[in-house]
Number of protein chains: 2
Amino acid sequence: MTELKLDRVTLYEFHAQFCKTLADANRLLIIAELVSGEKSVSDLANSLGLHQSNVSKHLALMRERGLVDTRRDGASIYYSLSDPRIFKAIELLIQVQSDQVARRHKLAQKIR
Amino acid sequence: MTELKLDRVTLYEFHAQFCKTLADANRLLIIAELVSGEKSVSDLANSLGLHQSNVSKHLALMRERGLVDTRRDGASIYYSLSDPRIFKAIELLIQVQSDQVARRHKLAQKIR
DNA sequence: TGGTTATATGAGTATATGGCAATATAATCA
DNA sequence: TGATTATATTGCCATATACTCATATAACCA
């Protein structure tokens, strides 16, 4: 009983970690950039206006957690989404969020 | 140009906040409990073995961000999912995550 | 080999987050 | 009204996170 509960918590911690990986605006921006194809660290740093070390750290985290793959070409390292459904999943979340915002807006109008 | 970029960042911060709301094991557990119908704070605290104040805080956060609705009945307050697709979205994320883990496992086997 | 470019990593700092304990607010009931 | 139950809120602490700067590692080229 307790054993089963612990397992369930562990499982949910695992899923929560995945959500945490998506729970950063810069990482979402990076993922969005990668939808159109692989990009190097400096590509991303330039297009997003972020520090190279910052981007590198975000990519390292996403790599650790299996969201992106890497390919070295000379001195550059190219990052790509390991699964295009990552972006689909994010889009669905965004859709739900947008609908909620719309619903709350309507509700606020009714009250007013 | 800069204006547009700022807007994009702001938008992604908004989406990141939504992901953050899901990025906690106990909140995911609460959401999973609510799939089967509305529950009071103490219901949730008991079934998950969490402190009442802890559950209350998590629910307040989820309510602020529109994930749950509330209904008062006497002294109790019942929480419910504001949109069942929240759980669907989480399930999709979990699916992607599971596939990634499976793929990495296969890869590890090949290397070994 | 030395210089340059690309990426990764470590140190330090500021902020955010989750948890617990204690207290406050609110509703019920005797 | 006073006691009880249910929920919310506040203060505090420990930990985690993101960021910047500086430095290390790695590949390339003259």
Side-chain angles (χ1 to χ4, degrees), chain A residues 5-6 9-10 12-34 38-80, chain B residues 5-6 9-10 12-34 38-80:
Chain A
K5 197 157 139 195
L6 278 176
V9 169
T10 304
Y12 274 76
E13 246 148 40
F14 185 62
H15 297 322
Q17 194 197 45
F18 191 74
C19 293
K20 243 173 227 165
T21 313
L22 302 177
D24 180 272
N26 288 335
R27 284 197 290 272
L28 289 182
L29 284 162
I30 289 171
I31 291 171
E33 290 288 309
L34 294 180
E38 61 173 20
K39 303 271 185 302
S40 72
V41 179
S42 46
D43 284 345
L44 293 165
N46 288 331
S47 61
L48 297 175
L50 300 173
H51 282 223
Q52 173 268 325
S53 64
N54 190 2
V55 172
S56 179
K57 268 188 194 168
H58 282 307
L59 288 168
L61 186 76
M62 290 194 275
R63 183 185 179 177
E64 255 176 43
R65 299 186 181 173
L67 275 77
V68 296
D69 293 326
T70 58
R71 177 180 73 82
R72 178 180 275 280
D73 179 13
S76 297
I77 297 183
Y78 290 89
Y79 284 79
S80 56
Chain B
K5 197 157 138 196
L6 278 174
V9 169
T10 304
Y12 274 75
E13 245 149 39
F14 185 62
H15 296 322
Q17 194 197 46
F18 190 74
C19 293
K20 243 173 228 164
T21 313
L22 302 176
D24 180 271
N26 287 334
R27 284 196 291 272
L28 289 181
L29 283 162
I30 288 171
I31 291 172
E33 290 288 309
L34 294 180
E38 61 173 19
K39 303 272 185 304
S40 72
V41 179
S42 47
D43 284 344
L44 292 166
N46 287 332
S47 61
L48 298 175
L50 300 173
H51 282 224
Q52 175 268 326
S53 66
N54 189 1
V55 172
S56 179
K57 255 191 199 172
H58 283 308
L59 288 168
L61 186 77
M62 291 195 275
R63 184 185 177 176
E64 255 176 42
R65 300 188 181 171
L67 275 77
V68 295
D69 293 326
T70 59
R71 177 180 73 83
R72 177 179 277 281
D73 180 14
S76 296
I77 297 183
Y78 290 89
Y79 285 79
S80 57

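Below, read A as the first sequence line, B as the second, and so on, with proteins coming before strands; counting in each chain starts at 1.
Among A:T70, A:L34, A:D43, the one residue that satisfies the side-chain contact (heavy atoms from CB on, under 4.5 Å) test with A:Y78 is A:D43.
Not a single donor-acceptor contact under 3.5 angstrom links the side-chain atoms of A:Q52 to the base of C:dA6. Contact of A:K57 with D:dT20 (side chain to base): a donor-acceptor pair of N or O atoms is detected under 3.5 Å.
Counting non-hydrogen atoms of neighbouring residues, nucleotides and ligands closer than 6.0 angstrom, the CZ atom of B:R65 exceeds 12 such neighbours. More than 12 heavy-atom neighbours from other residues, nucleotides or ligands sit within 6.0 angstrom of CZ on A:R71.
Nucleotide D:dT17 holds its P atom 15 Å from the CG atom of A:N54, rounded to whole Å. For the pair B:L61 CG and C:dT17 C1', the interatomic distance rounds to 10 Å; values are reported in whole Å. Distance A:Q17 CD to D:dA16 P: 12 Å, rounded to the nearest Å. When the C1' atom of D:dC28 is taken as reference, atom CG of A:D73 falls 12 Å away, rounded to whole Å. Rounded to an integer number of Å, the gap from A:R63 CZ to C:dT9 P is 9 Å. Atom P of nucleotide D:dA6 and atom NE2 of B:H51 are separated by 17 Å, given to the nearest angstrom. Atom CZ of B:R72 and atom C1' of C:dA27 are 6 Å apart (whole Å). Per the geometry, CG belonging to B:D24 stands 17 Å off P belonging to D:dT15, to the nearest Å.
Counting non-hydrogen atoms under 4.0 angstrom, A:R27 reaches the backbone sugars and phosphates but no base. Among the protein residues, B:Y78 comes within range of no part of the nucleic acid, since none of its heavy atoms lies under 4.0 Å from any strand. Here A:S53 lies in heavy-atom contact (under 4.0 Å) with a base. Among the heavy atoms of the strands lying under 4.0 Å from A:S56 is at least one base atom, whether or not backbone atoms are also near.
Residue A:I77 has its side chain nearest to C:dA8 when only D:dC21, C:dA8, C:dT17 are considered. Distance from the side chain of B:S76 is smallest to D:dT7 among C:dA8, D:dT7, D:dC21. Of the candidate nucleotides C:dG18, C:dT9, D:dA8, C:dG18 has the atom lying nearest to any side-chain atom of B:H58.
The shortest distance between side-chain heavy atoms of A:L59 and A:L44 falls below 4.5 Å. A 4.5 Å side-chain heavy-atom check between A:M62 and A:I31 finds at least one atom pair inside the cut-off.
For C:dA6, the OP1/OP2 oxygens have no side-chain nitrogen or oxygen of A:Y79 closer than 4.0 Å. Between A:S42 and C:dT5 there is no side-chain N or O to OP1 or OP2 distance below 4.0 Å.
When each of A:A75 and A:N26 is assigned the nucleotide of DNA chain D bearing its nearest heavy atom, the one mapping closer to the 5' terminus is A:N26.
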